[in-house]
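Bear in mind that the values here come from a model prediction, so they are computed numbers and not experimental data.
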Amino acid sequence: MMGINKNASQVIAEIVSNKKVGAYHHMVFAVGELAKFAKPGNFVAIAVGGESSSMVLRRAFAIYRAFDRGTNGGLLEIVVAPHGAGSTWLTNQSVGFKVDLIAPLGTAFGIPTEPIRALLVGGGYGSAPLFGLSEVLKNRGCRVDMVLGASTAMKIYAPLDGKRSVSSLTITTEDGTTGITGKVTDVLPGIIETNQIDIIYSCGPMGMLEAINQIAAELGVVHQCAVEEAMACGIGVCMTCVLPIRGEDGEIRMLRSCIDGPVVDGSSVIWSSKRQIPEGTWGAN
Amino acid sequence: MMGINKNASQVIAEIVSNKKVGAYHHMVFAVGELAKFAKPGNFVAIAVGGESSSMVLRRAFAIYRAFDRGTNGGLLEIVVAPHGAGSTWLTNQSVGFKVDLIAPLGTAFGIPTEPIRALLVGGGYGSAPLFGLSEVLKNRGCRVDMVLGASTAMKIYAPLDGKRSVSSLTITTEDGTTGITGKVTDVLPGIIETNQIDIIYSCGPMGMLEAINQIAAELGVVHQCAVEEAMACGIGVCMTCVLPIRGEDGEIRMLRSCIDGPVVDGSSVIWSSKRQIPEGTWGAN
Amino acid sequence: MFNFRTSLGQAEFENPIFTASGCAGSGKELAQFFDLTELGAVVTKSIMLKARSGRATPRMAETPSGMLNSIGLQGPGIDLFLEKDIPWLREQGARIVVSIAGESVEDYAILARKLRAVQGISALEVNISCPNVENRGQVFACQPATARAAIEAVRRNIGGDLPIIAKLTPDVTSIVEIAEEVVAAGADALALINTVLGMVIDINTMRPKLAGKTGGLSGPAIRPIAVRAIYQVHEALPNVKILGMGGVASGRDALELILAGASAVSVGTATFGNPTAVIKIKEELQNELIAHGFDSLREAVGYAHRKEVNL
Amino acid sequence: MFNFRTSLGQAEFENPIFTASGCAGSGKELAQFFDLTELGAVVTKSIMLKARSGRATPRMAETPSGMLNSIGLQGPGIDLFLEKDIPWLREQGARIVVSIAGESVEDYAILARKLRAVQGISALEVNISCPNVENRGQVFACQPATARAAIEAVRRNIGGDLPIIAKLTPDVTSIVEIAEEVVAAGADALALINTVLGMVIDINTMRPKLAGKTGGLSGPAIRPIAVRAIYQVHEALPNVKILGMGGVASGRDALELILAGASAVSVGTATFGNPTAVIKIKEELQNELIAHGFDSLREAVGYAHRKEVNL
Ligand SMILES: Cc1cc2nc3c(=O)[nH]c(=O)nc-3n(C[C@H](O)[C@H](O)[C@H](O)COP(=O)(O)OP(=O)(O)OC[C@H]3O[C@@H](n4cnc5c(N)ncnc54)[C@H](O)[C@@H]3O)c2cc1C
Ligand SMILES: Cc1cc2nc3c(=O)[nH]c(=O)nc-3n(C[C@H](O)[C@H](O)[C@H](O)COP(=O)(O)OP(=O)(O)OC[C@H]3O[C@@H](n4cnc5c(N)ncnc54)[C@H](O)[C@@H]3O)c2cc1C
Ligand SMILES: Cc1cc2nc3c(=O)[nH]c(=O)nc-3n(C[C@H](O)[C@H](O)[C@H](O)COP(=O)(O)O)c2cc1C
Ligand SMILES: Cc1cc2nc3c(=O)[nH]c(=O)nc-3n(C[C@H](O)[C@H](O)[C@H](O)COP(=O)(O)O)c2cc1C
Ligand code: FES
Ligand code: FES
């Protein structure tokens, strides 16, 4: 799962579609050949702000879907939440505008060889990479259940065609504007037991991932999650995006989430270590 | 002629038209009421680069024409040469885009009360403010001759309807692609004598203005010129745009070209003083 | 009711948003865009003893998210300034902070004496980030001894209770050391930061773009340096009030400086891009403070220094 | 034929565009975007004696036209580095400049000894902009004495003719003074500039955004500071070669540093925004130099210092 994504390349990609969906923008880019290398869990890094931008860093977005349609036809889709200056700029660009894009980056969700029972859990725009994943899992004969949560209905991203491949979809919102009132973690234990889940795949805010991981650990379910750390480069050269991960040798190391992630084994992450290096980390003194 | 332009105000102005004309862009902005205050020689200051721009300073552009058509209908026109990042950004904006604009700024060309013979001399986009001026002069019964020069034909800005109000138009280009081969100053002495010119109005690069001023001085013709100094604020608060001007008291002072200019009396300027303060300047020691 | 009042030394101000010295002249040019009484204070362009032509042009260069300037303190000299600018500002009802600059310790002393009896001034900003002609043109604020001497000269001569705000340059190895020195010498408050020394080379002429070769870097580019300087000095001298500045262009930017330890904020370069920037920033800051649950500006000053609880 | 070759101390390089230490790892990650032999040299991330976890996160904050980082020199330590990274780089045929950093003078001495016999290294960049644990965490390059001590330790232990490039911080009152000191101590060349100390406060948490509170400012925002530092040092020490860096994102930017006095240019933050930035910059620089009529890079080095003729 680890190491440089050898398929990454840099392209100038035209915006083919840009539609507002709830609180998000669903954006499609013409990326040519590289679409065929994109795997669920990978991300793209896009330069923002235009020629004389004061923003010097790219923004990372999980790949929602990718369509390989030959050299000129490859499409890559993302779901963007207009948040700060960079994402707002991106969502304001019109069809026809060209952006500088690097993809696919990072690790992908591990796909089981057996037809097991998977639960996909997404928070906010974190649902985006899960639909492509569910497609792949379903094609492998897995049963796929899905839980999506957000603070409010507008922040649930669950397009109709994305839902085709899941056996059940549970939605939670904190304000109760749609689905069950509460958090995804309120419904997880029940679904895990009822559906005899073998593996959880998750994507969303770090706090949510941590809470899911705790439930997974308690119930003995494998947990793969896509983390989101602030990234300066996205390609492994800056060391800003690190998080403490326990390796197979038992050693904790500060690993780069852009290269050794974003998809990591939830049980290997030393959670709750924001603003401090966990004790015993390799090289800490 | 000196002091703060009390009519200046700041508006969010929509781009109504943006057309490429030769090497330039002719741009029209909906500015509302302030159009009625614009006088030939005044300039506008436009914020460039959009929301997260790395360019923190406005760009100044001479007002080409202004149409007062009531509160909502006022239009203001400029001619922009895509040069560096700021002007290129501006010319790339589409109709409907809104910019932050301050106008009218600076001094205007002094209009004679008598029907005298005026020669208007423009270099490159420096022709822009001269067409509005010729209109005013013609309405006052003046005879208006015009000389426009540039390095090459593409850089001569001389729209058909602008030419209506001039009695003669002479064009010079350094590469001979249109008009007379040479510089405006090659043809000035002849025209001044033939047409018995009383006053020269000029606008263009500083080197050209200086050369024109020398001819005007030699031939005893009054010379008003619109200078172009690098401006940070355009409203008189930064002191970057100064140039040495001899006042009526004989004292040389570093005056602000955004407030005490851009239109100044050519004979009052201490030319060729780039990169040094002229001897005897007030406060120099 | 939200309390926006603030103070620097003994001087009280209605709100914490000031102009920055050298970025608003003496207020006249801005007065056509808004009422000067809207400001916490107008900080005037640093005035010197005599009239000064300033440096030759070009005097400025735009840089990424900032600009370089080398105006060279062009101005009419203290006498004409007191005769014309101060009465005009007083008439407008504006709160006035006068900025002074000298070429020698003696200059600072004389300037202070000329100002001691002047009515209607709220505080004195002492710009010591200028070259000392008696010491190989070394900037006063770059060495503890010269920084101290300049401030002492003002302190001895100003009399009464006109607060002295010493304005420091960030171009030093330890700004805390200089801050401690000028406070010991009698500064009531500190202005942080002046511009950062920089240079732009014109690719066409292949020479320094500014006639004065080097210039002062200002604007958003230097905001992280300003925040750091304010934070460091507030940490070391929590009881000394700070007038913060450097790259503030929005209410959020102003809040950043305030959380770091500034009791008031000057806006410089942002005014060049937008003449009404100070008004926008003032409104945005008040909204931000209220949105964060503060009842008064004072509570937010230095709030970023609070101890971390149960991390 | 345009001559793009350059040198730093005794080391010669095919072209003047290098990566910046800490902004290209040990080259592996960039190798998938271009061939490392295209570079004048790969400058590796500053390596320390022991493995280091670096600082806690968040480690970065974007700022206007720049960014703040506090990585804290995360790395595997010199032994693993020599075992894995250097052989790999050698295999690629890349020119290698190894950057080292220590916490004590002794660290620098040991690092130099470990490197003296290593094949395939073109030069040593000695990063002395790091905290000295033996001196209250004061940065070596902030004081002449500690800067000197670190460079002397390397000089004494490196032997042979591996050139030493001393990397300085701009956060000092006089960078020329430090430059003179390290040259006297045996540095063959200088690397200017390291990042500028800054801070960002997170408006939401109302605390410093970085876990390490302060961080280093880099990117186009600091370019005017880099150009000034290079110009000042080249003016004072015209015979000492400079590896320039700070905010270079285009060929024009690189040319600016070269005209100021840099013989080679490292590209850091620009690589984060664009992995192929170094290649773009190299091509643009060559085109600019040719367009300006230079036959070789060497002619352009320090060209902005030439005497003005008939002004
Ligand atoms: C692997 C990965 C996948 C992502 N996928 C998506 C997605 O599918 N849809 C989506 O809308 N957004 C996604 N993001 C977040 C996105 O990259 C931006 O951070 C976000 O849009 C905010 O950027 P901004 O410019 O609007 O905000 P600003 O607040 O202006 O961002 C300023 C800077 O802070 C960085 N930053 C600070 N904190 C974080 C953080 N917790 N996470 C990431 N960056 C941070 C940003 O990258 C940027 O450099 C993802 C981030 C990562 C790392
Ligand atoms: C009074 C006045 C009237 C003008 N009228 C016009 C006009 O009608 N049409 C037109 O195309 N341009 C005009 N200009 C020039 C225009 O303001 C810009 O300077 C020009 O477009 C270059 O800006 P840029 O961002 O493209 O280039 P950049 O090179 O990126 O500009 C960088 C900075 O340098 C400043 N600058 C440097 N030298 C000068 C200089 N000699 N003059 C002005 N600014 C300088 C710019 O204002 C800007 O801040 C005028 C300038 C002034 C002062
Ligand atoms: C054009 C210009 C002129 C300045 N003149 C002065 C001055 O006369 N006295 C002074 O103390 N500071 C002067 N400064 C510095 C500002 O007051 C301020 O400290 C600095 O610009 C940082 O703030 P900013 O980023 O908001 O501009 C000047 C700055 C600029 C840009
Ligand atoms: C993320 C990051 C890590 C850095 N790590 C190092 C380092 O390990 N050693 C060093 O000497 N400089 C380090 N630097 C400083 C750069 O080498 C360079 O001097 C500085 O960033 C200015 O160049 P730039 O503006 O092109 O980035 C680092 C800079 C950044 C942004
Ligand atoms: S984002 Fe730069 S190493 Fe991961
Ligand atoms: S441009 Fe600022 S004073 Fe003229």
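In terms of heavy-atom proximity, Trp282(B) sits nearest to Ser53(C) at O-CB, 3.6 Å. Across every non-hydrogen atom of Arg275(B) and Pro58(C), the tightest pair is NH1-CD, 4.0 Å.
To the nearest 0.5 Å, atom CE of residue Met254(B) and atom CZ of residue Arg55(C) are 12.0 Å apart. Taken from CD1 in Ile259(B) to CD in Glu29(C), the straight-line distance is 5.0 Å, to the nearest 0.5 Å. To the nearest 0.5 Å, atom CD of residue Glu229(B) and atom CE of residue Met60(C) are 10.0 Å apart.
For Glu51(B), the CD atom is loosely surrounded, since the number of other residues' heavy atoms within 6.0 Å does not exceed 12. Surrounding NZ of Lys39(B) are at most 12 heavy atoms belonging to other residues, nucleotides or ligands under 6.0 Å away. Counted within 6.0 Å of CD on Glu251(B), heavy atoms from surrounding residues, nucleotides or ligands total more than 12; the atom is thus considered enclosed.
Heavy-atom distances place the side chain of Thr269(C), and not its backbone, under 4.5 Å from chain B. With a 4.5 angstrom heavy-atom cutoff, Ala8(B) touches chain C via backbone and side-chain atoms both. Interface remark: Leu73(C) contributes no atoms to any contact with chain B (heavy atom separation under 4.5 Å).
Taking Gln10(B) as the reference, Asp100(B), Asn274(C), Thr276(C) meet the side chain to side chain donor-acceptor pair (under 3.5 Å) condition, with sequence neighbours excluded. In this structure, the side-chain contact (heavy atoms from CB on, under 4.5 Å) partners of Ile279(C), at least two apart in sequence or on a different chain, are Phe34(C), Glu38(C), Glu283(C).
Comparing Gly66(C), Ala56(C), Ala249(C), Gly72(C) by how many heavy-atom pairs each has under 4.5 Å with chain B, the most go to Ala56(C). For the set Thr63(C), Thr57(C), Thr19(C), the entry with the most heavy-atom pairs within less than 4.5 Å of chain B is Thr57(C). Contacts with chain B were tallied for Pro275(C), Ser26(C), Gly25(C); Pro275(C) has the most, counting heavy-atom pairs under 4.5 Å.
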Where do Arg59(B) and Glu62(C) land on the salt bridge (Lys or Arg N to Asp or Glu O under 4.0 Å) test, with the steps shown first?
-> CA-CA 11 Å; Arg59(B) 299 298 187 265; Glu62(C) 199 181 43; 2.6 Å; yes
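Among residues 235-243 of chain B, the residues having any heavy atom closer than 4.5 Å to a heavy atom of chain C are, in sequence order, Ile235(B), Gly236(B), Val237(B), Cys238(B), Met239(B), Thr240(B), Val242(B). Contacts between residues 210-228 of chain C and chain B, counted as heavy-atom pairs separated by less than 4.5 Å, involve Leu210(C), Ala211(C), Pro220(C).
A donor-acceptor contact shorter than 3.5 Å links the side chain of Arg58(B) to the backbone of Gly273(C).
Annotation: side chain of Met55(B) is not in contact with side chain of Ser65(C) (no heavy-atom distance under 4.5 Å).
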